[in-house]
Amino acid sequence: MIKKCLFPVAGYGTRFLPATKSMPKEMLPIVDKPLIQYGVEEAYAAGMKDMAFVTGRGKRAIPDHFDVSYELETEISGSKKEQRLLGIRKLIENCTFNYTRQIMMKGLGHAILTGESLIGDQAFAVILADDLCLTEGQGVLHQMVKLYDEFKCSIVAIEEVPMERTSSYGIISGKSIRDNIYRVESMVEKPEPAEAPSNLAVIGRYILTADIFDILRNTQPGANGEIQLTDAILAQAKKGSVIAYQFKGRRFDCGSVDGFVEATNYCYKNLYKEI
Ligand code: G1P
């Protein structure tokens, strides 16, 4: 069973400056809910209760969000507005939240390795909150947990992207096992289209077995001079097995302004309820 979900949230969010100058990018709201809350809700819906965050300087709004705000809550107690807090209260009551700081920004792989002390030696999930995933039924992470029960190895979520966009993603190629499931054979971080092994891009949902930490400790800087999670997962694939799962649902790249606006419009139209 996967109990813990790791959220690397130390990144600067430069694409949203000046909004992210003193506010974490993960706190940007899609309509009325911060991105990070969507991520935590997805992990909770997948059966996880231990939320682990790799934070950095300027990210204090995140722990504050997952805490009680006595003054505010007393103020609105008994009014209709209280309903606006039901979702976050449910998370606070049912989950634990742990934090550690990434002191230097040396890439996603380094961020995951920084989270080791919060995770321990069990398989765990990772959510990159920039990638907002919305589904009709079970959330993407829930779908992946079910696959983990079957395959008991690391799993990455993938989707097809236009070939000219490969340099923004980790790209996999693999052997199709059955509908929507591949056994990963190669994985490259942000390749130019000419070097990309396919157009199957990794998006920000992972289940990782705990041997990833030892591999990351020995992973040299790769693309952009950063320690890349992609390189460590490829090492797992070569040693044993990694599954890539083409999930059911829709993903918005909220790390880009276009994706953020698209997600906002979609959520306003389809999910928002006035209280
Ligand atoms: C990270 C990963 C990349 C993955 C992407 C998904 O890149 O390194 O492999 O495809 O997330 O969003 P980033 O977007 O942080 O540059």
Side-chain angles (χ1 to χ4, degrees), residues 1-11 36 39-40 42-56 95-129 131 133 139-158 170 172 174 177 181-187 189 202-222 226-245 247:
M1 207 181 143
I2 309 285
K3 292 185 180 154
K4 297 189 181 183
C5 187
L6 187 64
F7 297 86
V9 293
I36 190 69
V40 171
E42 186 182 327
Y44 181 63
M48 289 156 223
K49 292 187 174 177
D50 292 349
M51 309 298 167
F53 297 80
V54 177
T55 68
C95 304
T96 59
F97 299 86
N98 290 294
Y99 303 88
T100 190
R101 274 200 188 202
Q102 189 182 7
I103 307 296
M104 306 239 287
M105 304 302 153
K106 295 197 218 162
L108 179 59
H110 179 253
I112 301 291
L113 184 55
T114 305
E116 182 181 19
S117 59
L118 301 176
I119 297 296
D121 59 3
Q122 285 169 19
F124 61 103
V126 174
I127 288 186
L128 308 184
D131 280 332
C133 293
V140 174
L141 212 51
H142 198 157
Q143 296 169 34
M144 292 169 75
V145 164
K146 282 181 29 197
L147 276 185
Y148 178 77
D149 288 342
E150 182 181 346
F151 289 99
K152 297 275 187 287
C153 67
S154 288
I155 301 171
V156 296
I158 52 166
I172 71 117
I177 299 183
I181 298 180
Y182 299 81
R183 200 172 292 282
V184 172
E185 284 170 350
S186 99
M187 201 165 164
E189 182 66 11
V202 175
I203 63 113
R205 299 290 181 281
Y206 306 80
I207 287 180
L208 299 172
T209 51
D211 58 320
I212 198 78
F213 295 124
D214 276 337
I215 298 173
L216 281 168
R217 245 185 291 285
N218 296 306
T219 300
Q220 298 306 310
E226 297 178 337
I227 297 173
Q228 295 294 352
L229 180 60
T230 295
D231 297 342
I233 296 175
L234 177 61
Q236 278 189 326
K238 284 187 173 156
K239 272 199 322 192
S241 178
V242 171
I243 295 294
Y245 170 54
F247 62 94

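Computed from a prediction, not measured in an experiment: that's the story for all the values here.
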Set out, in order, the CA-CA distance, both residues' side-chain angles and the distance that settles side chain to side chain contact (heavy atoms under 4.5 Å, CB included) for I2 and M144, then state yes or no. CA-CA 10 Å; I2 309 285; M144 292 169 75; over 6 Å; no

How many angstroms lie between CG in L234 and CD in E189, if you round to the nearest 0.5 Å? 11.5 Å

On a heavy-atom basis, which atom in D131 and which in G204 lie closest, and how many Å separate them? OD2-N, 2.7 Å

Compare every heavy atom of C5 with every heavy atom of L141, then report the nearest pair and how far apart it is. CD2-SG, 4.2 Å

Would M48 and V145 count as a side chain to side chain contact (heavy atoms under 4.5 Å, CB included) here? Give the steps. CA-CA 10 Å; M48 289 156 223; V145 164; 3.6 Å; yes

Say whether, by atom type as modelled, one donor and one acceptor occur between the side chain of K3 and the main chain of D50 under 3.5 angstrom. no

Examine distances only and state if a side-chain atom of T100 and a backbone atom of V54 form a donor-acceptor pair shorter than 3.5 Å. no

About how many Å separate CZ of F53 and CD1 of I127, when rounded to the nearest 0.5 Å? 9.5 Å

Between CG of L216 and CG of D211, what distance do you get to the nearest 0.5 Å? 9.5 Å

Calculate, to the nearest 0.5 Å, the distance between atoms CG and CD1 belonging to L208 and I119 respectively. 9.5 Å

Does a donor on one side chain sit under 3.5 Å from an acceptor on the other, for S154 and Q236? yes

Which atom of A10 lies closest to which atom of Q102, heavy atoms considered: CB-OE1, 3.2 Å

Euclidean distance, F7 CZ relative to T55 OG1, rounded to 0.5 Å: 13.5 Å

Distance from I158 atom CD1 to I243 atom CD1, nearest 0.5 Å? 10.0 Å

Q143 and Y245: side chain to side chain contact (heavy atoms under 4.5 Å, CB included), yes or no, with the steps? CA-CA 9 Å; Q143 296 169 34; Y245 170 54; 2.7 Å; yes

Under the criterion side-chain contact (heavy atoms from CB on, under 4.5 Å), which of L229, V242, I155, L6 is the partner of Y206? L229

Criterion ring-ring contact (aromatic ring centres under 6.0 Å, His included) on F124 and F213, from CA distance to verdict: CA-CA 11 Å; F124 61 103; F213 295 124; 5.2 Å; yes

Audit row: C95, Y44, side chain to side chain contact (heavy atoms under 4.5 Å, CB included) steps and yes/no: CA-CA 8 Å; C95 304; Y44 181 63; 3.6 Å; yes

May I ask you to say whether R217 pairs ionically with D214, meaning some side-chain N is under 4.0 Å from a carboxylate O? yes

Cation-pi check, K152 to Y148: give yes when NZ or CZ is under 6.0 Å from the six-membered ring centre and within 45° of the ring axis, no otherwise. yes

